[in-house]
Amino acid sequence: MTLRLFNTLTGEVDTLAPAPGEPLRIYACGPTVYDYGHIGNFRTFLQVDVLRRFLKLNGIPLRHVMNITDVDDRIIQNTVASGVTLREYTARFEQAFFEDLDALRIERPEVIARATEHIPRMVELVQRLAAAGAAYKTDEGSWYFRLAAFPEYGKLSKKDLSGMEDGARVDLDRYEKDSARDFALWKAAKPGETSWDTPIGRGRPGWHIECSAMAMEYLGESFDLHAGGEDLMFPHHENEIAQSETVTHKPFARHWMHVRFLLVDGRKMSKSEGNFFTLRDLLLKGYKASAIRLALISVPYRHQLNFTFDSLTDATKAIERLRTFHRRLAGGNFPSGENAALQAAARKAEANFLGALADDLNTAEARAPIFELVRTANTAMDEGQLRSCDRDLILSVLRKFDAVFDVIDDRDEEPTRRAIEWARQTGRESEIAPELLARQSIADEQVEALLAERAQAKKQRNFARADQIRSELAEKGIVIEDSKEGVRWKRK
RNA sequence: GCACCGGUGGCGAAGCGGCUAACGCGCAGGUCUGCAAAACCUGUAUACGCGGGUUCGAUUCCCGCCCGGUGCUCCA
């Protein structure tokens with residue numbers, strides 16, 4: 001199945017496929033590790049994860065590179081302020097970032113590249129740009145890209161830059177630049193700041209050159225797909241194109257994918273606005289990692305997603321439905337044989353699921369046939385019409401669903417536990433929701449013991465005691481499921 | 001100001017020229033139960049922002065308007 005994906009560069013939905021015999025080469029802009037990531041950051045990484053997983057499900061080998069920006073103005077500022085080394089400072093947030101990726105079940109790219117480990121490649125690129133007459137050095141020792149050297153500038157974001165004439169609104173003298181729109185390739189070192197001594201001077205790389213250099217290092221001068229948040233389209237990605245194509249005279253990335261913003265209560269979420277939630281904030285409020293994943297995935301990447309706590313509650317319930325169904329199906333005993341109608345329903349669900357994803361990663365549409373299948377199969381089970389072959393087929397459909405969505409398999413305990421641990425270690429205990437602590441306050445064995453006692457009480461028709469135990473467990477977030485097959489329980 | 005995106009039942013959200021307008025949540029009823037809960041099933045809602053136009057036919061295309069958002073600067 002071929003993926004049709006919107007391409008910002010062409011403005012159309014284009015086929016995305018690797019060259020024959022080659023892996024699909026992807027570069028996706030990663031985090032700047034100066035703080036904990038917020039859920040808006042993770043929406044982008046999650047959508048790229050959906051892309052990855054769908055391609056893999058279709059048997060397409062990947063070479064996916066993600067950068068870690070571990071040097072930039074904010075990081076330098078913060079290190080200077082806190083008196084630690086750059087590496088000490090960034091290591092902490094880099095580790096936190098990976099923990100968060102794990103919590104959300106975001107797969108690791110094949111290559112993870114730190115900016116600080118690729119300085120020579122960036123320097124080399126600046127030198128090549130200088131040789132081509134597209135870069136110049138200022139008196140203070142910074143290097144800039146000469147925008148005039150790249151007439152196609154603006155082709156990605158479709159911007160008409162003619163309205164921004166030099167000098168109209170920017171005082172050129174203050175910037176030492178030839179043109180107001182020229183952007184920094186290399187920033188001269190200032191006293192006390194981390195810097196590198198290189199053939200082009202002492203300093204540190206600009207943000208844009210970092211991505212160009214690392215993308216070319218691992219993917220070559222031309223590659224299949226470049227992805228990132230919509231805000232990076234201009235100027236970051238536009239600048240990457242300008243730098244790279246000026247040097248190589250080849251198209252940088254053929255296909256560009258931009259994930260639209262996540263809004264909170266209808267407003268843009270950003271660190272500068274302060275209205276943001278980190279993944280950890282949500283985990284400490286008691287939301288499960290899987291619910292956060294599903295909520296952030298379910299709105300297709302090309303639409304803005306308005307995040308609300310209701311959406312997390314909805315997602316939690318939806319996941320419960322899937323998990324309950326899966327448990328019922330996988331654990332049940334069914335007569336051998338097959339039910340033709342169910343077989344057809346399962347195959348149709350799978351085809352619709354895959355088809356929706358192949359159509360520009362329409363995750364909202366892709367979910368629908370899975371839930372329809374759940375209903376159909378539940379009905380069949382109630383009526384005793386589901387056979388072992390049907391079970392096998394439906395389970396395989398669920399596996400494919402989960403190969404992309406990854407929410408049925410329950411591994412929610414670990415991220416929550418870690419978030420609590422982290423909160424305790426960093427003096428954020430007050431942020432842990434009381435219900436969450438209550439939920440953690442009872443061990444599995446204690447639950448089992450109380451349930452055994454309750455069963456005994458029920459047998460003796462001591463309903464008062466049985467109900468007492470029931471409400472006691474309920475207070476601790478334990479949900480009891482009485483059924484013909486016996487008692488099951490789960491944590492809310 | 002310029003540019004772009006969106007406004008679908010109580011909420012979220014697909015669909016984008018002609019099917020009973022998906023799906024999830026919610027809500028109601030039923031099955032089950034000592035009672036509940038959970039689970040499942042069924043049902044539910046006179047949902048396509050407003051006004052024109054094109055068309056045999058428009059939620060879907062065009063124009064205008066209103067509302068919300070985003071970009072144009074660091075930002076996923």
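Labels below follow one simple rule: chain letters A, B, ... track the order of the sequence lines, proteins then strands, and each chain is numbered from 1.
- Using a 4.0 Å heavy-atom cutoff across all strands shown, A/N362 reaches sugar-phosphate atoms only and no base atom.
- Look at the P atom in both B/rG18 and B/rC61: the space between them is 11 Å, to the nearest Å.
- Nearest to the side-chain atoms of A/A368 among the listed nucleotides B/rA22, B/rU70, B/rC40 stands B/rA22.
- Counting to the nearest Å, the C1' atom of B/rG30 and the CG atom of A/D382 are 12 Å from each other.
- An aromatic stack links A/F463 and the base of B/rG34, using centre distance under 5.5 Å and interplanar angle under 30°.
- To the nearest whole angstrom, the two P atoms, one in B/rA21 and one in B/rU46, are 14 Å apart.
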**Fill in**
Dot-bracket assigned to RNA chain B with the 3.5 Å Watson-Crick/G-U criterion, [ ] for crossing and | for other-strand pairs, is (((((((..(((.....[....)))((((((.......))))))....(((((..]....))))))))))))....
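- Checked for salt-bridge contact, A/R328 and A/D382 meet the test: a charged N lies under 4.0 Å from a carboxylate O.
- Computed from coordinates, the A/I480 CD1 to B/rC32 P distance equals 21 Å when rounded to whole Å.
- Separating the CG atom of A/L279 from the P atom of B/rA76 is a distance of 16 Å, rounded to the nearest angstrom.
- With respect to the salt-bridge test (charged N to carboxylate O, under 4.0 angstrom), the residues A/R488 and A/D482 do not qualify.
- Contact check on A/D467 versus A/K458 returns no salt bridge, with no Lys/Arg side-chain nitrogen under 4.0 Å from an Asp/Glu carboxylate oxygen.
- A distance of about 9 Å separates the C1' atoms of B/rU60 and B/rC48, rounded to the whole Å.
- Counting any heavy atom pair closer than 4.0 Å across all strands shown, A/F261 reaches a base atom.
- Between A/D35 and A/R92 no salt bridge is recorded (no basic side-chain N to carboxylate O distance below 4.0 Å).
- Side-chain atoms of A/D482 and base atoms of B/rA36 include a donor and an acceptor less than 3.5 Å apart.
- Comparing the same atom, C1', in B/rC19 and in B/rG24 gives a spacing of 23 Å after rounding to whole Å.
- Protein atom CD1 of A/I370 is 18 Å distant from nucleotide atom P of B/rA14, rounded to whole Å.
- Within the model, atoms CG of A/L312 and CD1 of A/I39 stand 7.0 Å from one another, a figure rounded to the nearest 0.5 Å.
- The aromatic rings of A/H226 and A/F223 are tilted relative to each other, their planes meeting at an angle between 30° and 60°.
- At a threshold of 4.0 angstrom between heavy atoms, the contacts of A/V299 are confined to the sugar-phosphate backbone, with no base atom among them.
- Considering only side-chain N and O atoms, A/R375 lies under 4.0 angstrom from the phosphate OP1 or OP2 of B/rC23.
- Of the candidates B/rC41, B/rG34, B/rG68, the closest approach to any side-chain atom of A/R461 belongs to B/rG34.
- A/G40 comes within contact range of at least one nucleobase, with a heavy-atom separation under 4.0 Å.
- For A/R181, the side-chain atoms get nearest to B/rU73 when compared with the rest of B/rU73, B/rU42, B/rG68.
- Of the candidates B/rG24, B/rG69, B/rC74, the closest approach to any side-chain atom of A/R74 belongs to B/rC74.
- Between the CZ atom of A/F405 and the P atom of B/rA13 there is a distance of 15 Å, rounded to whole Å.
- Between A/N378 and B/rC41, a side-chain N or O to OP1/OP2 separation shorter than 4.0 Å is present.
- For A/R321, a side-chain nitrogen or oxygen approaches OP1 or OP2 of B/rC41 to under 4.0 Å.
- For the atom pair CG (A/L262) and CD (A/Q304), the distance works out to 9.5 Å, reported to the nearest 0.5 Å.
- Atom name C1', nucleotides B/rG52 and B/rC11: the rounded distance is 32 Å, in whole Å.
- Along RNA chain B, the nucleotide nearest A/D467 and the nucleotide nearest A/V479 are compared for position; the residue whose nucleotide lies closer to the 5' end is A/D467.
- For B/rG6, the OP1/OP2 oxygens have no side-chain nitrogen or oxygen of A/R260 closer than 4.0 Å.
- A/L263 comes within contact range of the sugar-phosphate backbone alone, with a heavy-atom separation under 4.0 Å but no base atom that close.
- To the nearest angstrom, P of B/rG12 lies 15 Å from NE2 of A/H303.
- Spacing between atom CD of A/E372 and atom P of B/rA13 amounts to 20 Å, rounded to whole angstrom units.
- A/S311 comes within 4.0 angstrom of nothing in the nucleic acid, heavy atoms only.
- The P atoms of B/rC62 and B/rU55 are separated by 16 Å, rounded to the nearest whole Å.
- When the C1' atom is used for both B/rU33 and B/rC23, the distance is 31 Å, rounded to whole Å.
- Mapping A/E365 and A/T376 onto RNA chain B by nearest heavy atom places A/E365 closer to the 5' end of the strand.
- Side-chain atoms of A/R470 come within donor-acceptor range of the base of B/rC35, with a qualifying N/O pair under 3.5 Å.
- Residue A/R43 is classed as having no contact, given no heavy-atom separation below 4.0 Å to the nucleic acid.
- Residue A/P369 is out of contact with every strand shown, counting any heavy-atom pair closer than 4.0 Å.
- Spacing between B/rU42 and B/rC4 at atom C1', rounded to whole Å, works out to 44 Å.
- In the model, A/S212 has a side-chain atom that pairs as donor or acceptor with a side-chain atom of A/S244 under 3.5 Å.
- A salt bridge does not link A/R293 to A/D406: none of the charged nitrogens lies less than 4.0 Å from a carboxylate oxygen.
- What separates CD of A/E383 from C1' of B/rA39 is a distance of 16 Å, to the nearest Å.
- A/R375 and A/E372 are not joined by a salt bridge, as no carboxylate oxygen comes within less than 4.0 angstrom of a charged side-chain nitrogen.
- The side chain of A/R454 lies closest to B/rA36 when the candidates are B/rA38, B/rC74, B/rA36.
- The phosphate of B/rG26 (OP1 or OP2) has a side-chain N or O of A/K317 nearer than 4.0 angstrom.
- No hydrogens or angles considered: a donor-acceptor pair under 3.5 Å links the side chains of A/N41 and A/H38.
- Closest to the side chain of A/F371, from the set B/rC74, B/rU70, B/rC23, is B/rC23.
- Among the protein residues, A/A364 comes within range of the nucleic acid bases, having at least one heavy atom under 4.0 Å from a base atom.
- Checking the phosphate oxygens (OP1, OP2) of B/rG12, no side-chain nitrogen or oxygen of A/N306 falls inside 4.0 Å.
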